[in-house]
Amino acid sequence: MLSRSLRIVSQRRLLSTTRILANKAPQTTTEVKTAQDLAEVTGPASLIGPGAKPGTIPTDWDQSTGLQRLELLGKREGVDVFDMEMPITEGKGTMDDPFLVPTYIGYRYVGCKGTAELDHKPYWMKVEEGKPSRCWHCGTVLKTKYLGEPGMAH
Ligand SMILES: [Zn+2]
């Protein structure tokens with residue numbers, strides 16, 4: 001009985017090792033291209049511009065990289081990638097129906113400036129996953145809405 005269960009364990013280990021090797025293989029052969037739109041962004045390496053032709057002044061589109069290029073790609077498509085304008089679009093701010101704060105990292109700082117009936121100086125709160133936050137000036141309730149990869153918060 002004992003030797004049989006040992007054999008099963010070692011077989012499992014072999015299987016998972018092959019799976020890791022199989023997953024690694026494609027990454028080394030894939031060539032990264034410059035993303036032409038948001039859907040083609042695969043990582044930082046796809047956010048490098050094509051460069052300007054000799055004798056011309058480079059535009060942002062030619063030479064911007066990284067987060068700047070990501071924002072530029074978004075602007076061309078009318079997408080606010082950094083969620084700067086109005087991140088909260090869901091909820092009513094009540095205990096039963098809190099405002100949902102989109103987050104990719106499990107928390108987000110939010111400044112509450114009050115409601116239509118009662119406005120106040122900005123009150124900053126750290127809205128964290130798992131516990132609703134309440135503004136103690138006006139009573140507005142906020143909750144996180146996690147948009148990142150499952151299990152990657154914290
Ligand atoms: Zn408030």
Side-chain angles (χ1 to χ4, degrees), residues 12-13 15-53 56-154:
R12 257 193 210 141
R13 192 169 296 154
L15 266 179
S16 63
T17 314
T18 22
R19 199 175 306 132
I20 290 164
L21 287 174
N23 283 346
K24 266 193 181 158
Q27 283 183 335
T28 50
T29 51
T30 313
E31 241 179 77
V32 180
K33 280 193 205 152
T34 295
Q36 296 299 316
D37 56 51
L38 278 182
E40 286 179 13
V41 175
T42 54
S46 64
L47 291 169
I48 293 169
K53 290 190 183 82
T56 64
I57 296 164
T59 62
D60 281 350
W61 178 249
D62 294 326
Q63 64 168 15
S64 68
T65 60
L67 293 177
Q68 190 192 351
R69 190 168 192 84
L70 181 64
E71 188 179 21
L72 188 65
L73 283 170
K75 289 254 192 284
R76 281 161 62 109
E77 291 173 45
V79 178
D80 175 20
V81 290
F82 293 126
D83 245 345
M84 297 298 279
E85 275 130 50
M86 185 55 200
I88 299 164
T89 56
E90 291 170 78
K92 289 197 181 81
T94 62
M95 221 45 177
D96 294 333
D97 189 11
F99 284 129
L100 295 183
V101 182
T103 165
Y104 289 90
I105 51 175
Y107 68 88
R108 186 165 190 158
Y109 287 95
V110 176
C112 180
K113 297 202 301 188
T115 59
E117 297 86 46
L118 171 82
D119 60 328
H120 56 73
K121 278 198 225 166
Y123 173 69
W124 290 91
M125 294 171 275
K126 186 181 183 184
V127 183
E128 279 180 282
E129 214 173 10
K131 41 180 172 179
S133 296
R134 189 156 205 197
C135 171
W136 55 264
H137 287 284
C138 65
T140 294
V141 185
L142 302 120
K143 249 175 82 178
T144 55
K145 181 183 181 183
Y146 185 60
L147 302 177
E149 285 179 50
M152 290 298 281
H154 313 297

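Worth saying up front: this structure is predicted, and the values here are computed from it rather than measured. If you read the sequence from its start, that first residue is 1, and numbering goes on from there. Whatever order the structure lists them in is the order used to number ligands and atoms, beginning at 1.
In this structure Lys33 satisfies the salt bridge (charged side-chain N to carboxylate O under 4.0 Å, His left out) test with no other residue, sequence neighbours excluded.
By the 4.5 Å heavy-atom criterion applied to side chains, Lys113 and Asp119 are not counted as neighbours. At least one side-chain heavy atom of His120 sits under 4.5 Å from a side-chain heavy atom of Cys138. Annotation: side chain of Ile88 is in contact with side chain of Leu142 (closest heavy-atom distance under 4.5 Å). When side chains are defined from C-beta on, His137 does not count as touching Leu118, because their heavy atoms never get closer than 4.5 Å.
For NZ of Lys121, the number of neighbouring non-hydrogen atoms (other residues, nucleotides, ligands) closer than 6.0 Å is 12 at most.
Taking 2.8 Å as the limit, the number of protein N, O or S atoms around the Zn ion (ligand 1) is 4.
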